[in-house]
Amino acid sequence: MIPQATYTAPSTEIESNPRAALWPNYKPPTELVFTHGVGSELFSEDGTAYLDFLSGIAVTSFGHAHPHLVKALNEQATKLWHTSNVFRIPAAERLAQRLVESSFADGVYFANSGTEAVEAGLKSLRAYQAANNHPERYRIIGFEASFHGRTMASLAAAGNPAHMKNFVHGDYGFDQAKWGDIASVKNCISESTAGIIIEPVQGEGGIRPASQEFLKSLRELCDEHDLLLMFDEVQCGVGRSGTLFAHEHYAIEPDVMAIAKGLGGGFPVGACLANEAVSSSMQFGSHGSTFGGNPLAMAVADAVLDLVLEPSLLKDVNSKASFLVKELEALTIKYPQSISSVHGLGLMLGVKCVGENTKLLLELREHGLLVGKSGDNMIRLLPPLNVSQAELERALTLIETVLQNTEVT
Ligand SMILES: *Cc1c(COP(=O)(O)O)cnc(C)c1O
């Protein structure tokens with residue numbers, strides 16, 4: 001017999017704190033709730049329009065409710081949601097083929113998030129070494145101030161002590177090198193090293209593009225020692241940097257690459273791309289996901305790719321980015337007491353604050369502009385890739401208004 005539930009009235013705690021039943025691991029502003037979005041704008045419950053230059057952290061790359069994406073999702077929703085990878089998913093086969101044709105890769109694994117795509121990639125580095133008679137090569141070199149997501153191995157790869165505390169104990173098989181310091185990478189290499197993971201443009205840790213020389217040296221080091229080079233392009237990939245993948249700026253190819261954020265335009269999806277040697281070492285049964293690559297995610301990601309691969313898109317991203325950088329740099333000269341420099345690639349931009357970045361972020365939000373924060377005291381701008389010139393100008397006006405009127409130092 002299953003016991004009957006008795007009705008309990010909602011507790012007063014829920015009434016006074018609508019988030020009481022959620023884990024307290026997030027802390028959104030209490031009074032602000034968005035009901036819908038159109039293009040680059042989000043609308044709150046009271047009808048206020050906000051210009052969304054955060055894009056759900058580089059996710060809604062074509063803004064909100066883009067007709068092409070809505071159509072793809074709606075059409076798929078009436079047909080088939082899920083079968084699991086027990087059966088063929090033709091949309092996944094097709095999307096993988098498109099990604100392969102547009103990149104260095106020969107094989108793709110679909111996941112549901114960035115950190116899962118990273119995990120798959122980390123496993124593939126070890127799988128490759130094991131498949132090539134080097135099971136002893138399992139250690140992976142990561143970089144300080146990196147971010148690879150919140151699963152255990154991703155935490156260990158990034159090595160951020162604040163994120164790892166209480167969660168990652170002992171040696172997870174990762175070593176930590178200094179950003180931009182090839183000697184420190186060399187110091188980490190041992191008989192047990194399998195590969196290196198790096199964000200070509202660091203996102204969370206401060207908007208920091210790697211230098212040409214550094215990435216080139218990493219590639220050479222990997223080739224020399226038969227190590228694999230993995231790029232985490234979860235944030236900087238899929239058009240965000242002004243090229244389809246950020247590493248194209250450097251003309252350096254990885255062996256493995258994780259992507260996610262912009263890939264689904266807001267639908268959760270991630271992917272790990274790899275060259276033939278690595279792909280083929282992920283044999284039957286080596287990895288898997290119940291949801292990964294499901295028909296809904298594939299339909300939307302395929303539609304996102306339609307938009308990213310439109311011939312003028314990347315050119316437009318670059319010209320908008322140059323305009324935005326030029327104008328922001330002018331503001332650093334006009335308001336040096338508040339902002340000091342502009343960083344990034346394409347429409348993944350960081351503005352370094354003189355005072356506390358949180359203060360500037362809150363002021364901007366008060367004025368109707370949503371931005372993010374990043375390490376190194378940055379304000380992070382991640383507007384939709386299809387943002388209009390008028391919206392860029394509106395954002396710049398809002399930023400200048402805030403810099404003029406308030407003490408953000
Ligand atoms: C956001 C992010 C991740 C993690 O993605 P989730 O979808 O949150 O798991 C990993 N790497 C980078 C570079 C990211 O920016």
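Just so it is clear, the model here is predicted, and its values are computed rather than measured. Order of appearance sets the numbers: ligands from 1, and atoms from 1 within every ligand.
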side-chain hydrogen bond (donor to acceptor under 3.5 Å, both in side chains): pairs with one or both residues in residues 20-44, sequence neighbours excluded: Ser40-Glu391, Glu41-Arg394, Ser44-Asp46
Residue pairs, two or more places apart or on separate chains, that pass salt bridge (Lys or Arg N to Asp or Glu O under 4.0 Å) and touch residues 251-279: Arg219-Asp255
side-chain hydrogen bond (donor to acceptor under 3.5 Å, both in side chains) involving Glu144 - partner list, sequence neighbours excluded: none
Donor-acceptor pair between Glu116 and Ser113 side chains, under 3.5 angstrom: yes
Contact residues of ligand 1 (heavy atom under 4.0 Å), by chain and number: Ser113, Gly114, Thr115, Phe147, His148, Gly149, Glu199, Asp232, Val234, Gln235, Lys261
Carboxylate-amine/guanidinium proximity below 4.0 Å for Lys123 and Glu119: no
Ion pair Lys359/Glu363, N-O distance below 4.0 Å: no
